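What follows is a single structure, written as structure tokens, with notes after it.
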Amino acid sequence: MNPNGSGSIFDEFLNANSIFLNKEVLRHSYTPDYLPHRDEQIRSIAAILSPALRGETPSNILIYGKTGTGKTAVARYVGKELENVGRNRNVPCHVVYLNCEIIDTQYRVLANLSKYFNREVPMTGWPTDQVYQEFKNAIDRHRAVIIIILDEIDKLVKKGDEVLYNLSRINSELDNAKVSLIGISNDLKFTEYLDPRVRSSLGEEEIVFPPYDAQQLRDILEERAKLGFRDGVLEDGVIPLCAAFAAQEHGDARRALDLLRIAGELAEREGAEKVTERHVRLAQEKIEIDRIVEVIKTLPMHSKVLLYSVVFLESSNVRGATSGEVYRVYKEICREIGIEPLTPRRITDLISELDMLGIINATIVNKGRYGRTKEITLSVPLESTKSVLLSDYRLSNLKDFTQKLSVQSHF
DNA sequence: CCTCCACCGGAACGTGAGGAGT
DNA sequence: ACTCCTCACGTTCCGGTGGAGG
């Protein structure tokens with residue numbers, strides 16, 4: 001027994017009557033066995049891939065759809081099934097999944113593919129064509145159909161379409177193996193940047209995933225909730241509310257699942273018996289705040305200083321400061337932390353950027369005789385914004401600055 | 001009705017980093 | 001190793017603007 005008089009400090013959190021049965025199924029990385037409202041897409045992908053089971057090369061496929069429309073889940077699901085059936089029928093099919101957001105260069109794609117077929121390739125160092133050769137040798141030893149799923153393929157294209165060109169014509173250089181590609185993109189127009197030959201080869205078949213509506217999102221959540229939560233811990237309104245919030249967010253199932261999971265986590269942390277609509281609203285708020293914090297954290301330094309100027313003015317009870325006022329404070333802060341201020345022209349652009357991001361609100365107002373300017377207000381919570389900004393080491397010594405000037409402003 | 005404030009925002013240009021080609 | 005090109009970020013310059021006050 002520890003000095004606190006209980007077993008372990010984790011006991012309280014390991015308590016048996018947890019709300020969750022299995023939290024993993026509520027993550028969007030989980031591939032469920034049943035995907036509601038995607039039968040049509042599953043069927044068409046299966047139909048396109050079915051030649052693989054006769055040892056023939058399936059057409060390449062491009063899958064489009066916004067985030068959280070089930071593209072990845074469907075592709076992986078069909079891939080898994082194909083491998084299973086192939087194994088039973090003794091027709092070897094390999095499905096390789098690559099996320100191009102992480103694996104985003106030609107070299108890394110080829111190195112990862114080689115690794116999948118047990119060819120160790122150093123993460124860096126070899127000439128690209130040697131890795132390509134290595135990969136071809138690795139797969140061509142056996143008679144097999146290989147499906148390569150390239151998720152977020154648009155990220156790959158930004159760095160040049162050479163990989164896609166090579167992969168799409170690899171079949172003509174192979175004797176035994178057959179390769180076909182599934183590209184997944186949430187950008188409908190990304191093929192515009194492609195070489196026409198790659199475009200036509202890659203887009204032999206195109207499938208669009210429409211967004212889910214609120215009712216469909218409810219079905220999806222019900223399905224996962226059965227596996228993820230204990231019986232009866234969800235109040236009636238919880239799932240519909242999650243679905244409604246996510247439906248506003250262009251029918252994003254990922255968002256809906258996040259909401260449900262986070263609502264559950266919040267309830268659990270409170271020690272509540274049930275997940276209520278209030279928890280869902282709190283979860284919605286938390287997701288929004290997390291997003292803002294992330295955006296602010298990754299802002300360039302001058303934008304941070306600029307935002308801090310707005311924060312400073314608002315904490316001195318100046319709401320709707322003009323660009324001129326904000327700029328003067330900004331210059332002052334720059335001097336305080338020893339950096340060169342940018343010109344007003346540049347600041348105008350940075351203000352517009354912050355406006356676009358929804359962090360501040362800038363509206364043009366005419367004050368007649370007294371000119372024409374933008375009135376700037378903060379549209380995110382003041383205190384949390386301030387603390388995020390101050391957590392940047394370059395701004396950290398502004399804590400005193402706030403006090404110094406806010407004392408002055410009392411005059 | 002005219003002026004003129006205090007800024008907006010377009011255009012052109014400069015600069016350094018990073019990638020591709022050779 | 002070298003040049004060339006592109007791109008993001010900034011600056012300089014400047015024409016434009018809606019309405020309070022004269």
Side-chain angles (χ1 to χ4, degrees), chain A residues 100-112 122-133 152-169 187 189-190 192-198 294-310 312-314 316 318-379 389 392 394-395:
Chain A
C100 304
E101 187 165 25
I102 308 153
I103 304 161
D104 59 353
T105 62
Q106 159 140 320
Y107 189 93
R108 286 188 203 148
V109 168
L110 293 171
N112 267 279
M123 281 322 283
T124 145
W126 287 12
T128 310
D129 45 341
Q130 188 182 341
V131 186
Y132 184 59
Q133 199 60 47
E152 314 215 23
I153 193 169
D154 40 329
K155 299 277 161 48
L156 195 58
V157 175
K158 288 210 179 95
K159 309 219 174 164
D161 54 8
E162 213 184 324
V163 220
L164 296 178
Y165 182 67
N166 286 335
L167 284 177
S168 63
R169 55 189 295 270
D187 181 359
K189 299 176 300 178
F190 96 100
E192 284 173 16
Y193 313 108
L194 285 176
D195 185 303
R197 286 168 298 181
V198 181
E294 199 47 42
V295 170
I296 294 178
K297 254 191 206 160
T298 52
L299 242 31
M301 184 186 50
H302 280 288
S303 297
K304 284 185 178 174
V305 175
L306 174 62
L307 183 56
Y308 193 83
S309 314
V310 180
F312 170 74
L313 281 164
E314 296 228 341
S316 325
V318 184
R319 277 194 73 79
T322 65
S323 334
E325 290 168 305
V326 172
Y327 185 71
R328 281 186 284 279
V329 174
Y330 160 81
K331 234 163 95 178
E332 197 57 37
I333 295 176
C334 282
R335 183 164 357 138
E336 183 76 16
I337 62 177
I339 59 172
E340 275 296 300
L342 301 173
T343 54
R345 178 67 187 84
R346 181 64 187 140
I347 292 300
T348 306
D349 283 345
L350 294 187
I351 287 173
S352 307
E353 278 172 32
L354 290 177
D355 189 17
M356 299 267 278
L357 288 169
I359 300 173
I360 62 172
N361 194 319
T363 24
I364 297 177
V365 288
N366 285 299
K367 293 185 196 282
R369 176 87 254 195
Y370 305 102
R372 191 166 189 263
T373 181
K374 268 182 177 168
E375 262 183 12
I376 297 161
T377 49
L378 200 63
S379 45
L389 288 171
D392 187 314
R394 291 164 297 195
L395 305 192

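No experiment lies behind these values; they were computed from the predicted model shown. Quick note on labels: first sequence line is chain A, next is B, and so on, each numbered from 1.
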Set of salt bridge (charged side-chain N to carboxylate O under 4.0 Å, His left out) partners for [X], sequence neighbours left out:
| X | result |
| --- | --- |
| A:Lys374 | none |
| A:Arg328 | none |
| A:Arg369 | none |
| A:Lys331 | none |

Next item on the list: Could you run through nucleotides 10-16 of chain B and give me one letter per nucleotide, 5' to 3': B if any protein heavy atom sits under 4.0 Å from the base, S if only the sugar-phosphate is that close, - if neither?
Entry: B------
Check: What pattern of brackets, bars and dots sums up DNA chain C from 5' to 3', given Watson-Crick or G-U wobble pairs under 3.5 Å, [ ] for crossing pairs and | for another strand?
Finding: ||||||||||||||||||||||
Item checked: Those residues of residues 366-378 of chain A lying under 4.0 Å from DNA chain B by at least one heavy atom ->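 Nucleic-acid contacts, sorted: A:Gly368, A:Arg369, A:Tyr370, A:Gly371, A:Arg372, A:Thr373, A:Lys374.
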Note to self: If you compare every side-chain N and O of A:Ser323 against the phosphate oxygens of B:dC8 (OP1, OP2), does one of them come in below 4.0 Å?
What the structure shows: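 So the side-chain polar atoms of A:Ser323 do come within 4.0 Å of the phosphate oxygens OP1 or OP2 of B:dC8, strictly under.
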Margin query: My understanding is that only one of A:Leu307, A:Val295, A:Ile296 makes a side-chain contact (heavy atoms from CB on, under 4.5 Å) with A:Leu357; could you say which?
Written below: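 The residue from A:Leu307, A:Val295, A:Ile296 that satisfies side-chain contact (heavy atoms from CB on, under 4.5 Å) with A:Leu357 turns out to be A:Val295.
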Notebook entry, point to check: Can you list every pair that meets ring-ring contact (aromatic ring centres under 6.0 Å, His included) and has a residue in residues 341-368 of chain A, with sequence neighbours left out?
Noted result: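 Sorted pair list comes back empty.
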Checklist line | Summary of ring-ring contact (aromatic ring centres under 6.0 Å, His included) pairs that have at least one residue in residues 318-359 of chain A, sequence neighbours excluded | finding: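 Every ring-ring contact (aromatic ring centres under 6.0 Å, His included) pair that includes a residue of residues 318-359 of chain A, provided the two are not neighbours, is A:Tyr327-A:Tyr330.
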Next item on the list: Without swapping roles, check the side chain of A:Thr377 against the backbone of A:Arg319 for a donor-acceptor pair under 3.5 Å.
Entry: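 No.
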Margin query: Once side chain to side chain contact (heavy atoms under 4.5 Å, CB included) is applied, do any residues pair with A:Arg335, and if so which ones, sequence neighbours excluded?
Written below: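 Side chain to side chain contact (heavy atoms under 4.5 Å, CB included) list for A:Arg335, sorted by chain: A:Glu332.
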Checklist line | Which residues share a side chain to side chain contact (heavy atoms under 4.5 Å, CB included) with A:Thr373, sequence neighbours left out | finding: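 Checked A:Thr373 against side chain to side chain contact (heavy atoms under 4.5 Å, CB included); matches are A:Thr322, A:Ser323, A:Val365, A:Lys367.
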Check: Could you give the start and end, 5' to 3', of the contact zone on DNA chain C for chain A, using atoms under 4.0 Å from its heavy atoms?
Finding: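 Contact span on the strand: C:dC9 to C:dG21.
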Next item on the list: Of all the heavy-atom pairs spanning A:Asn361 and A:Asp355, show the shortest one and how long it is.
Entry: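 That closest heavy-atom pairing would be CA-OD1, 3.7 Å.
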Check: What are the two closest non-hydrogen atoms of A:Leu378 and A:Glu314, and how far apart are they?
Finding: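 It is N-OE2, 3.0 Å.
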